[in-house]
Amino acid sequence: MSAPLLHLRDVTLGYDRHPAVHHLSIEIARGSLTAVIGPNGAGKSTLLKALAGALAPLSGTIVADATLRIAYLPQSAALDRSFPICLFDLVAAGLWHRTGAFGSLTDTDRRLVHTALEQVGLQGFERRTLDALSGGQLQRALFARLILQDADLILLDEPFAAVDTKTSADLLDMIHAWHAQGRTIIAVLHDMHIVREHFPQCLLLARECVAHGSTDDVLTDKNLARARQMIEAFDEEAHICAQDGVS
Amino acid sequence: MMLVDALIGPFVEFEFMRRALVGCLALSLAAGPVGTFLMLRRMSLFGDAMAHAILPGAALGYLAFGLSLSAMTIGGLATGLLVVLLAGLVTRSTTMREDASIAGFYLISLALGVTIVSIKGSNVDLLRVLFGSILALDDAAMMLLAAMSTGTLLVLALIFRPLVMECVDPSFLRSVSRAGGPAHLVFLALVVTTLVSGFNALGTLLSVGMMMLPAIAARFWAVELTGMIIAATLIGLVSSLSGLILSFHTGLPSGPAIILVAGLLWLLSLALGPHGGLLLKLLPRKHLEA
């Protein structure tokens, strides 16, 4: 067993001092394929955001290799689809680590973009603008961009939320391919069927870690019931967390 | 021959017309691309706010050094950039959204500007700052305009990729680069430079027109960013040329004439443009097979 890719030590994440995820201590093994599940408000997206480096922990540390290359696909709402660029340009942005902010695309880069588009079944759509794509096509495009990012750690936030079964099956194949290449993948998911079928590891969150381990051990009726009970409302009047001791 | 004479004659005959044309063309080259980004970022009214924001600096420059182009330009640039910077800082460090913080600072700035002008000057001075006079461009003013346009285009080219990604998918950009925030701020600074370089020629309010009208007209002529920028620049160039000719033959003030032509071109694009224009929407057209 090699050293873990990510090591979370007593990590608390949240906004404006209110924690969304409490005292999380887990290790993510190199090359693992993990589903993050839990009720609404469990802190799943917050966790991914923190792993991506977009949110600093309120306390605790996330230990990762500084050279670790991370690709993060948030829920698609953040994208402005009315902005007039074409699919090719959106996907080509995945080569940022090669081109940087100023470099131009070489012929090799262009070939890479075309290959990625072929892999997700979008060849022939290069000149389409983003508002002319269906939800499924856009998600395929974002997966093509992930391919180009060539990352060690891939973070996916509800990647199948707005896509049909054919598309999610194709995207799952993609995820398995990445897994086979030795990349580490963490995905927030809702569909328990997909989790059981495709994800060997599972993290059940309910504002703290309910269970983490192999999917069969985690997805028991007892754990799921406990997760539902543990979700409580965001409390404006919340006291300072007792686990931190009186300060 | 009559027509050619009417179109080219004024520029052949009068040096001030040639200067006015060169100045306007230089301004259009920078204003088109900058305006296109403003429109796409849903900041079409930002130029208007900034035009008000640069007033106190320009007025101070005018009062201290008289009708000195460089003093007014530097003053305008300084207040404009200050407003942008303060608004950016407030947006990043509080929950206040950018449009709200810009509104706050530009209103303070405008009130200061009007106060300065009313204490020290007359209304005529204020009009001079607000409406400019393209027909009185001297060498220095023209060089400044051309230099600022060139600089704006170069810098825009430099920040192009981060700026586009900051518009399309800011959270993706944050995950691969830190360039998004700076690119946005630099872009806002370019808006200020373009406005300030235009205000001696057209005045603050009309240089907003040169920035926004060609850009919003361009939306109806192209589907992709590159096409839109080219269309906006062309519409700006055409408006400058036709506006000056119109003003020469009718005696209309030149600045408003240019903007009126640009406005007319926008209305025409709205009606006839091939991408989302009204006419094509109203025509009954059979749908395609695929």
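Everything numeric in this text was worked out from a predicted model, so none of it was measured. All chains are named by letter (A, B, ...) in the order of the sequence lines, taking the proteins before the strands, and each is independently numbered beginning at 1.
- With a threshold of 4.5 angstrom between heavy atoms, A/L130 approaches chain B through side-chain atoms but not through N, CA, C or O.
- Put simply, OH on A/Y72 and OG on B/S175 are 9.0 Å apart, with the number rounded to the nearest 0.5 Å.
- For the pairing with A/I85, the side-chain contact (heavy atoms from CB on, under 4.5 Å) check across B/T226, B/V168, B/D169 returns one residue only, B/V168.
- B/R178 does not touch chain A: none of its heavy atoms, backbone or side chain, sits under 4.5 Å away.
- If you tally non-hydrogen atom pairs under 4.5 Å between each of A/G103, A/A54, A/A52, A/G94 and chain B, the highest count goes to A/G103.
- The backbone N or O of A/A93 sits nowhere less than 3.5 Å from a side-chain atom of B/R161 that would complete a donor-acceptor pair.
- When the candidates A/R81, A/R145, A/K49, A/H97 are compared by the number of heavy-atom contacts under 4.5 Å with chain B, A/R145 comes out ahead.
- No donor-acceptor pair under 3.5 Å is formed between the side chain of B/R174 and the backbone N or O of A/G53.
- Here B/S177 is the residue among B/S177, B/A179, B/A157 with the most heavy-atom pairs under 4.5 Å with chain A.
- The distance from atom CG of A/D80 to atom CZ of B/R42, rounded to the nearest 0.5 Å, is 4.5 Å.
- At a 4.5 Å heavy-atom cutoff, the contact between B/R219 and chain A is made by side-chain atoms alone.
- Remark: B/L225 CG to A/D89 CG distance equals 9.0 Å, nearest 0.5 Å.
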